[in-house]
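Have a look at the structure below, then the notes.
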Amino acid sequence: MKNYKILITGGAGYIGSMLSTKLIDLGNQVTVIDILEYDTRSLSHLYLNKNFTFYKKDVRDKKFLKKIINKFDCVIPLAGLVGAPLCEKRKKDAIEINLNAVKDLVSMLSKKQKIIFTNSNSGYGIGSKQKFCDENSSLNPISLYGRTKVDAEKIVMKFKNAISFRLATVFGYSYRMRTDLLLNNLVLLSMRDKKLDIFESNFRRNFIHVRDVCDGIIYAIYNFNKLKSNVYNLGMSKANITKFEMVKKIKKHIGKLKIKKIHNVKDPDKRDYFVSNKKIEKKGFKAKIDIDKGIKELIEVYKAHKDFINNY
Ligand SMILES: NC(=O)c1ccc[n+]([C@@H]2O[C@H](COP(=O)([O-])OP(=O)(O)OC[C@H]3O[C@@H](n4cnc5c(N)ncnc54)[C@H](O)[C@@H]3O)[C@@H](O)[C@H]2O)c1
């Protein structure tokens, strides 16, 4: 199998720390640029590996990026302010990091280099009851976060050697843990409180395990020509479920859990849709790790590391 030189910005993050590790395990040379905003140890296990390089740098440092960019076969820009609340709080940074820095990065690439982008599928908004959203469904993001991601995707996709993945709601353990993500969060609250208040319980979502996200990106690196110049939804087809169905799965694994449906609270995140992942599946990649396995893993992790629960 050919080994590549890969640059991952934001590689110390939730997706990036797992992806960097998997790519190193496959024998690739991985360089990460990250300001280590959250977890300073998420890549500690890689520092001694000869195929790993780390720069504590800001993706807005154009001069630095220009100096190193031509070394890489493939660039994966994951650095960002992630999620609507954070982008609302830091609007200027959100535009600079999520959008302008991606635009600058694309402008530095030579024709031979490749780029793989991760968008959110949250812009599909409220889908119709019968239909699944596919890649032709319109993206109308309601948050600044969503808009920066959609605009960045448009810029990336003007470049010929580009692939974009629109990710379902990600779950599962990572070296940089995110307890804010819906399933990760509800498992934590269920273990802590033994009760869950759930609003908009009939809202539908599509999910994907973080290791499947990494495997999807890795599949794209190794099958680039088959996939390039296209956008793909990346989620698990079996994991198109309502919030209530998800909570029932959590209860199955936790045992004692009081679930209360709340009717008069609206979810500011208007996501309510099922998503079709047929396009990427037809190209040969299918997510494998189901929600039950993800919940079991999360329970083990939260039991072993009580600080996730205590510090939440
Ligand atoms: N996790 C999801 O559910 C999800 C869904 C869709 C899309 N995405 C996209 O995937 C990417 C990674 O998401 P994540 O969940 O791993 O988020 P994360 O917050 O865990 O990781 C982002 C990383 O970027 C770094 N960073 C932030 N600003 C930076 C800057 N100016 N320069 C260098 N590094 C900087 C942070 O330190 C962090 O390590 C993001 O672009 C996000 O929009 C994630």
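All values below were derived from every heavy atom in this structure, side-chain atoms included, with hydrogens, water molecules and symmetry-related copies excluded.
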(request) Using a 4.5 Å cut-off on heavy atoms from C-beta on, say whether the side chain of Leu43 contacts that of Ser20. (result) yes
(message) If you define the side chain from C-beta out and look only at heavy atoms, does anything of Met246 sit under 4.5 Å from Leu186?
(response) yes
(request) Specify the closest pair of heavy atoms between Lys22 and Asp215, including all atoms of both residues, with the distance to one decimal. (result) NZ-OD1, 2.9 Å
(request) Could you point out which residue of Asn136, Asn230, Asn233, Asp134 forms a side chain to side chain donor-acceptor pair (under 3.5 Å) with Lys279? (result) Asn230
(message) Could you tell me if the side chain of Tyr219 sits less than 4.5 Å from the side chain of Lys226, heavy atoms only?
(response) yes
(request) Identify the two heavy atoms, one from Ile259 and one from Ile198, that lie closest to each other, and give their separation to 0.1 Å. (result) CG2-CG2, 3.7 Å
(request) Measure the acute angle between the ring planes of His305 and Phe308, then classify it against the limits of 30° and 60° as parallel, tilted or perpendicular. (result) perpendicular
(request) Could you tell me the separation between the CZ atom of Arg192 and the NZ atom of Lys195, rounded to the nearest 0.5 Å? (result) 9.0 Å
(request) Specify the closest pair of heavy atoms between Gly27 and Asn3, including all atoms of both residues, with the distance to one decimal. (result) O-CG, 3.2 Å
(request) Apply side chain to side chain donor-acceptor pair (under 3.5 Å) to the pair Tyr173 and Asn184, showing each step before the final yes or no. (result) CA-CA 8 Å; Tyr173 172 72; Asn184 295 356; over 6 Å; no
(request) Check whether the ring centres of Tyr55 and Phe64 lie less than 6.0 Å apart, and answer yes or no. (result) yes
(request) Measure the CD-CD1 distance between Glu135 and Ile280 for me, rounded to the nearest 0.5 Å. (result) 8.5 Å
(request) Kindly state whether the ring of Tyr14 and the ring of Tyr38 have centres lying under 6.0 angstrom apart. (result) no
(message) According to salt bridge (charged side-chain N to carboxylate O under 4.0 Å, His left out), does anything in residues 162-191 pair up with another residue at least two apart or in another chain? List the pairs.
(response) Glu153-Arg166, Arg178-Asp180
(request) Please examine the side chains of Lys278 and Phe132, heavy atoms only from C-beta on, and report whether any two atoms are closer than 4.5 Å. (result) no
(message) Applying a strict under-4.5 Å side-chain criterion to I, L, V, M, F, W and Y, I'd like to know whether Val213 and Val75 cluster together.
(response) no
(request) Cation-pi check, Lys114 to Phe224: give yes when NZ or CZ is under 6.0 Å from the six-membered ring centre and within 45° of the ring axis, no otherwise. (result) yes
(request) List in chain and number order the residues that pass side-chain contact (heavy atoms from CB on, under 4.5 Å) with Asn51, two or more places apart in sequence or in another chain; answer none if no residue qualifies. (result) Ile24, Gln29, Asn49
(message) Please give me the minimum heavy-atom distance between His253 and Lys249, naming the atom from each residue.
(response) CD2-O, 3.1 Å
(message) In this structure, is the centre-to-centre distance between the rings of Phe199 and His263 below 6.0 Å?
(response) no
(message) Quick one, Asn202 and Lys243 - any side-chain contact, counting heavy atoms below 4.5 Å?
(response) no
(request) With side chain to side chain contact (heavy atoms under 4.5 Å, CB included) as the test, would you mind laying out the steps for Val82 and Tyr145 before giving the verdict? (result) CA-CA 7 Å; Val82 183; Tyr145 170 62; 3.5 Å; yes
(message) Check for me, please, whether Val231 and Leu234 land in the same ILVMFWY cluster - side-chain distances under 4.5 Å, paths through other members count.
(response) no
(message) Apply ring pair (Phe, Tyr, Trp, His ring centres under 6.0 Å) to residues Phe285 and Tyr232 and explain how you reach the verdict.
(response) CA-CA 11 Å; Phe285 178 79; Tyr232 302 89; over 10 Å; no
(message) Looking at every non-hydrogen atom in both residues, tell me the closest pair between Leu298 and Met177 and how far apart they are.
(response) CD2-CE, 3.6 Å
(message) Angle between ring planes, Phe54 versus Tyr47, binned at 30° and 60°: parallel, tilted or perpendicular?
(response) perpendicular
(request) Would you kindly confirm whether Ile68 and Val102 end up in one hydrophobic cluster when ILVMFWY residues are joined by side chain heavy atoms under 4.5 Å apart? (result) yes
(request) Please name the pair of heavy atoms, one in Ile291 and one in Phe171, separated by the smallest distance, quoted to 0.1 Å. (result) CA-CZ, 3.9 Å
(request) Please tell me if the side chains of Ile33 and Leu7 come closer than 4.5 Å, counting only heavy atoms from C-beta onward. (result) yes
(message) Is there a side chain to side chain contact (heavy atoms under 4.5 Å, CB included) between Tyr302 and Leu188? Walk through the geometry before answering.
(response) CA-CA 7 Å; Tyr302 291 147; Leu188 186 152; 3.7 Å; yes
(message) Using side-chain heavy atoms (C-beta onward) and a distance below 4.5 Å, is Lys111 in contact with Asn161?
(response) no
(message) Is the shortest side-chain heavy-atom distance between Leu144 and Arg147 below 4.5 Å?
(response) yes
(message) Quick check: is Ile221 connected to Leu167 through a chain of hydrophobic side chains (ILVMFWY, heavy atoms under 4.5 Å apart)?
(response) yes
(request) Examine Leu65 and Phe159 and state if one hydrophobic cluster contains both, with Ile, Leu, Val, Met, Phe, Trp and Tyr joined whenever side-chain heavy atoms are less than 4.5 Å apart. (result) yes
